[in-house]
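The analysis underlying the following values was restricted to heavy atoms, covering all of them including side chains, and did not include hydrogens, waters or symmetry mates.
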Amino acid sequence: MNESRFPLLTQIDSPEDLRKLTESQLLEVAKELRSFLLDIASQSGGHFAAGMGTVELTIALHYLFNTPNDRLVWDVGHQAYPHKILTGRRDRMTTIRQKGGVSPFPKRAESPYDAFGVGHSSTSISAALGMQIAADHAGIDRKCVAIIGDGGMTAGLPFEAMNHAGDVGSDLLVILNDNNMAISPNVGALSNHFAKVLSGKVYSTVREGGKKALSNLPSVKELAHRLEEHAKGLIVPGTLFEELGFNYIGPIDGHDLPVLMSTLRNVKNLKGPQLLHIITKKGKGYELAEEDPVKYHGVSPFDPEKGIVPSGKKPQQTYTNVFTDWICDMAAMDDRLVAITPAMREGSGLVRFEQEYPDRYFDVGIAEQHAVNVAAGMACDGLKPVVAIYSTFLQRGYDQLVHDVALQNLPVLFAIDRAGFVGADGPTHNGIYDYSFMRCLPNMVVMAPADENECRQMLYTGMQLDQPASVRYPRGGGPGVEVQKEMTVLPIGKAEIRRQSKMRKLAILAFGTMVTPAMEVGEKLDATVINMRFVKPLDAELVIKLAQDYENLVTIEENVIQGGAGAAVSEVLSEAGLVANLRHIGIPDRLIHHGSQADMLEDSGLTVKQILETVQNYIHHHPDKSPIDIATG
């Protein structure tokens with residue numbers, strides 16, 4: 001770090017150092033911190049715009065609260081880069097999202113200042129409430145603060161948490177970081193002044209005293225309460241939060257550090273659940289990010305002077321692109337098709353669909369449970385819903401997947417993106433469990449394409465079924481197979497022999513993304529290679545024949561071994577009363593930490609070289625068919 005550019009920031013190795021500064025110096029800290037964030041993002045990439053919007057808030061929180069004894073719980077974690085910089089990780093920020101480097105999200109094992117590990121949205125209020133209840137139970141003087149964005153408030157979980165918090169009555173502080181709403185005239189001097197009044201001791205004392213004085217006069221008390229709510233409602237949009245038991249304060253300008261400091265000072269001493277509503281701007285301080293916060297949400301290295309510019313290279317054909325083309329083509333063919341996404345329009349490839357079919361596009365917000373449930377309702381009455389969702393986010397709608405879709409055998413198609421390893425976002429975003437949690441469901445068809453064209457055909461196949469179906473595909477591109485415009489229905493539950501060996505030494509049963517490396521291994525070992533295509537229903541007939549004809553079987557999948565596709569092969573053989581030399585290769589039963597997708601594959605033993613070594617060692621130890629079944633990874 002260039003100390004001459006960041007004279008104050010270089011003095012801050014912990015929040016204790018921050019608190020040694022005078023309040024007048026904090027504005028300069030904010031300026032330096034914002035410049036430092038731009039430097040880091042332009043050099044190393046990562047989440048950018050959200051953190052630029054929380055600079056003042058982060059400084060104020062660590063200055064006024066006694067962290068880490070007081071708990072700061074960041075929702076999602078995109079907004080927590082300034083927090084990481086001020087809590088001892090400044091000099092390692094260039095390693096963020098890299099193997100062995102700083103985690104992209106708050107992580108308890110990384111720092112005592114990371115009170116709660118996150119990655120998925122909308123968990124902060126529940127976690128902070130749990131911590132506050134634990135502190136109250138232990139008699140510990142501790143403040144717990146949840147910082148949640150307006151996007152996170154589109155989920156149901158925050159309202160479940162606030163409903164409980166209002167009932168418990170703990171001294172919980174929730175900060176609603178609203179970065180989607182423009183700062184309109186009511187968020188100016190008058191509103192800031194009103195917020196300070198609402199958070200001040202005088203207002204609080206009068207409010208509580210008035211309630212006590214009127215407690216024996218129900219009609220008058222109710223009238224006074226209504227007058228209070230109506231008066232506040234003219235100026236602040238807080239009635240909903242008040243009804244949940246929170247004292248609503250705001251909105252205030254989250255970039256006005258003096259106002260933010262004075263308001264937080266008042267709020268932290270109030271009793272009971274408090275909600276402070278602040279207005280911030282994503283990308284604040286970097287004009288290009290302010291103008292296009294979506295583009296600058298997550299970035300690769302770029303030139304700060306020029307911003308993000310197109311590389312000029314022809315973009316890679318990704319599986320997401322394949323899905324985009326398919327769903328638009330399919331919508332033109334079938335007017336029953338509707339698309340649903342839980343706030344992942346860009347990531348799931350639905351931008352074009354929304355433009356071409358706006359009346360058939362539904363973004364439900366960060367509400368995965370509702371996304372699955374509303375799809376079930378649509379399917380009941382004749383629509384053909386396609387739920388475009390990341391594998392890791394589908395986990396959040398699992399009860400609805402079981403109870404509302406699978407058990408009722410409804411024709412909902414799940415286009416599961418980011419299946420397998422995702423890379424830099426790490427364990428919270430890896431889609432490595434869906435084979436296991438999908439294949440155990442009744443009526444569910446689970447498909448895994450080996451290449452781009454097969455992905456298109458599987459999506460079309462799932463659309464024709466009168467039952468639940470899923471197609472899971474990875475982040476990024478595939479082997480580069482040309483996608484055929486014509487669409488055909490694949491035979492359900494039938495695998496494809498990709499490579500036939502004349503020898504009967506080894507058959508490799510590969511699923512989805514592992515077909516390509518399996519082919520390389522097959523060429524080197526002269527093995528038969530099967531593109532299994534279907535995880536459920538499995539091609540049981542072929543599996544049994546392979547077990548009877550080959551000395552050794554190996555399954556390969558980019559999913560956890562436990563309950564995965566290989567386990568399905570073992571179940572088929574067990575049910576048939578067959579014993580085979582069988583080796584499962586997949587993701588081991590441990591966390592695979594952040595890094596590139598290649599790093600994660602290597603950590604799991606799933607590179608071509610590692611698979612080849614594993615298979616060779618396996619064959620060496622089991623040269624002949626014998627009554628032994630090996631199912632380890």
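- A side-chain N or O of Gln457 and one of Asn453 form a donor-acceptor pair less than 3.5 Å apart.
- Closest approach of Ala424 and Pro104 over heavy atoms only: O-CG, 3.2 Å.
- Under 4.0 Å is where a charged nitrogen must lie from a carboxylate oxygen, and between Asp335 and Lys384 no such pair does.
- For Phe105 and His47, the gap between ring centers is short of 6.0 Å.
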Q: List the steps and the verdict of side chain to side chain donor-acceptor pair (under 3.5 Å) for His120 and Thr428.
A: CA-CA 7 Å; His120 288 182; Thr428 58; 5.8 Å; no
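- Nearest heavy atom pair, residue Pro106 against residue Asp114, reads CA-OD2, 3.5 Å.
- Within the 4.5 Å cutoff, the side chain of Asp417 has heavy atoms near those of the Tyr473 side chain.
- Residues Phe421 and Ile592 meet the side-chain proximity criterion, which asks for heavy atoms closer than 4.5 Å.
- Remark: the Asn321 side chain and the Thr324 side chain contain no N/O donor-acceptor pair separated by less than 3.5 Å.
- The number of heavy-atom neighbours closer than 6.0 Å to CD of Glu541, taken from other residues, nucleotides and ligands shown, is 12 or below.
- In this structure a side-chain-to-backbone donor-acceptor pair under 3.5 Å is missing from Gln79 to Ala50.
- Ion pairing of Asp329 with Lys485 is present here, as a side-chain N (NZ or NE/NH1/NH2) and a carboxylate O approach within less than 4.0 Å.
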**Q.** Intermediate values then yes/no, side chain to side chain contact (heavy atoms under 4.5 Å, CB included), Asp603 and Lys99
**A.** CA-CA 10 Å; Asp603 285 350; Lys99 183 177 180 179; 3.2 Å; yes
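- For the pair Met333/Tyr460, a side-chain contact is recorded, criterion being any heavy-atom separation below 4.5 Å from C-beta on.
- Put simply, the residue from Tyr319, Phe393, Tyr390 that forms a side-chain contact (heavy atoms from CB on, under 4.5 Å) with Arg418 is Tyr390.
- Nearest heavy atom pair, residue Leu546 against residue Ala507, reads CD2-CB, 4.2 Å.
- Between Gln467 and Leu410, the closest side-chain pair of non-hydrogen atoms is not below 4.5 Å.
- Here the side chains of Ser121 and Asp75 are in contact, with some heavy-atom distance below 4.5 Å.
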Q: Evaluate side chain to side chain donor-acceptor pair (under 3.5 Å) for Asp526 paired with Ser501, printing each intermediate quantity in order.
A: CA-CA 6 Å; Asp526 190 18; Ser501 172; 3.3 Å; yes
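- Listed by chain and number, the residues in a salt bridge (Lys or Arg N to Asp or Glu O under 4.0 Å) with Glu354 are Arg345 (sequence neighbours excluded).
- Thr614 contributes a side-chain N or O that, together with a main-chain N or O of Gln610, makes up a donor-acceptor pair within less than 3.5 Å.
- Side-chain atoms of His584 and Thr555 include a donor-acceptor pair closer than 3.5 Å.
- Under the side-chain contact (heavy atoms from CB on, under 4.5 Å) criterion, Pro468 pairs with Val405, Asn409, Asn443, Met444, sequence neighbours left out.
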Q: Determine, step by step, whether Met503 and Tyr550 satisfy the side chain to side chain contact (heavy atoms under 4.5 Å, CB included) criterion, reporting the C-alpha distance in whole Å, the side-chain angles of both residues, the deciding distance to 0.1 Å, and the verdict.
A: CA-CA 8 Å; Met503 299 177 64; Tyr550 286 81; over 6 Å; no
Q | Intermediate values then yes/no, side chain to side chain contact (heavy atoms under 4.5 Å, CB included), Lys494 and Leu490 | A | CA-CA 8 Å; Lys494 292 299 178 182; Leu490 300 177; over 6 Å; no
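- Ionic pairing of Glu486 and Arg456 is not present here: no N-O contact between side-chain nitrogen and carboxylate oxygen is shorter than 4.0 angstrom.
- With contacts defined as side-chain heavy-atom distances shorter than 4.5 Å, the pair Leu553/Arg583 does not qualify.
- In this structure, the salt bridge (Lys or Arg N to Asp or Glu O under 4.0 Å) partners of Arg352, at least two apart in sequence or on a different chain, are Asp325, Glu356.
- Residues Ser103 and His594 have side chains that never bring a donor and an acceptor to within less than 3.5 angstrom of each other.
- Ring-centre distance between Tyr433 and Phe437: not below the 6.0 Å cut-off.
- A side-chain donor-acceptor contact under 3.5 Å links Asp599 to the backbone of Ser596.
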Q: Apply side chain to side chain contact (heavy atoms under 4.5 Å, CB included) to the pair Ile508 and Thr528, showing each step before the final yes or no.
A: CA-CA 6 Å; Ile508 301 174; Thr528 291; over 6 Å; no
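- For Glu523 (side chain) and Met519 (main-chain N/O), no donor-acceptor pair under 3.5 Å exists by modelled atom type.
- Using a 4.0 Å cut-off between charged nitrogen and carboxylate oxygen, Asp434 and Arg472 count as a salt-bridge pair.
- Annotation for Lys295 and Ile308: closest pair NZ-O, 3.4 Å, computed over non-hydrogen atoms.
- Closest heavy-atom contact between Arg499 and Ala527: NH1-O, 2.9 Å.
- Using a cutoff of 4.0 Å between basic side-chain nitrogens and carboxylate oxygens, Arg498 and Asp451 are scored as salt-bridged.
- Judged by distance alone, the side chain of Gln369 and the main-chain N or O of Gly397 form no donor-acceptor pair under 3.5 Å.
- With respect to Glu551 and Arg504, no salt bridge is recorded, no charged nitrogen being found less than 4.0 Å from a carboxylate O.
- Glu110 places a side-chain heavy atom less than 4.5 Å from the side chain of Lys84.
- Panel note: side chain Asn430, backbone Ile432; no donor-acceptor pair is recorded below 3.5 Å.
- Side-chain atoms of Asn373 never come within 3.5 Å of backbone atoms of Gln400 as a donor-acceptor pair (strictly under, hydrogens ignored).
- Glu602 has no carboxylate O lying under 4.0 Å from a charged side-chain N of Lys609, or vice versa, which leaves the two without a salt bridge.
- Formation of a donor-acceptor pair under 3.5 Å by the Ser604 side chain with backbone atoms of Pro588 is not found in this model.
- Remark: the Thr95 side chain and the Gln98 side chain contain no N/O donor-acceptor pair separated by less than 3.5 Å.
- The number of heavy-atom neighbours closer than 6.0 Å to CG of Asp466, taken from other residues, nucleotides and ligands shown, is 12 or below.
- Under the side-chain contact (heavy atoms from CB on, under 4.5 Å) criterion, Thr154 pairs with Ile366, sequence neighbours left out.
- When the ring-ring contact (aromatic ring centres under 6.0 Å, His included) test is applied to Tyr296, the partners found at least two apart in sequence or on another chain are Tyr286, Phe302.
- Applying the side-chain contact (heavy atoms from CB on, under 4.5 Å) criterion to Ala576, with sequence neighbours excluded, gives Ile544, Leu578.
- Of all heavy-atom pairs between Glu454 and Ala450, the closest is OE1-N, 2.7 Å.
- Side chains of Val445 and Lys536 form no contact here, defined as non-hydrogen atoms less than 4.5 Å apart.
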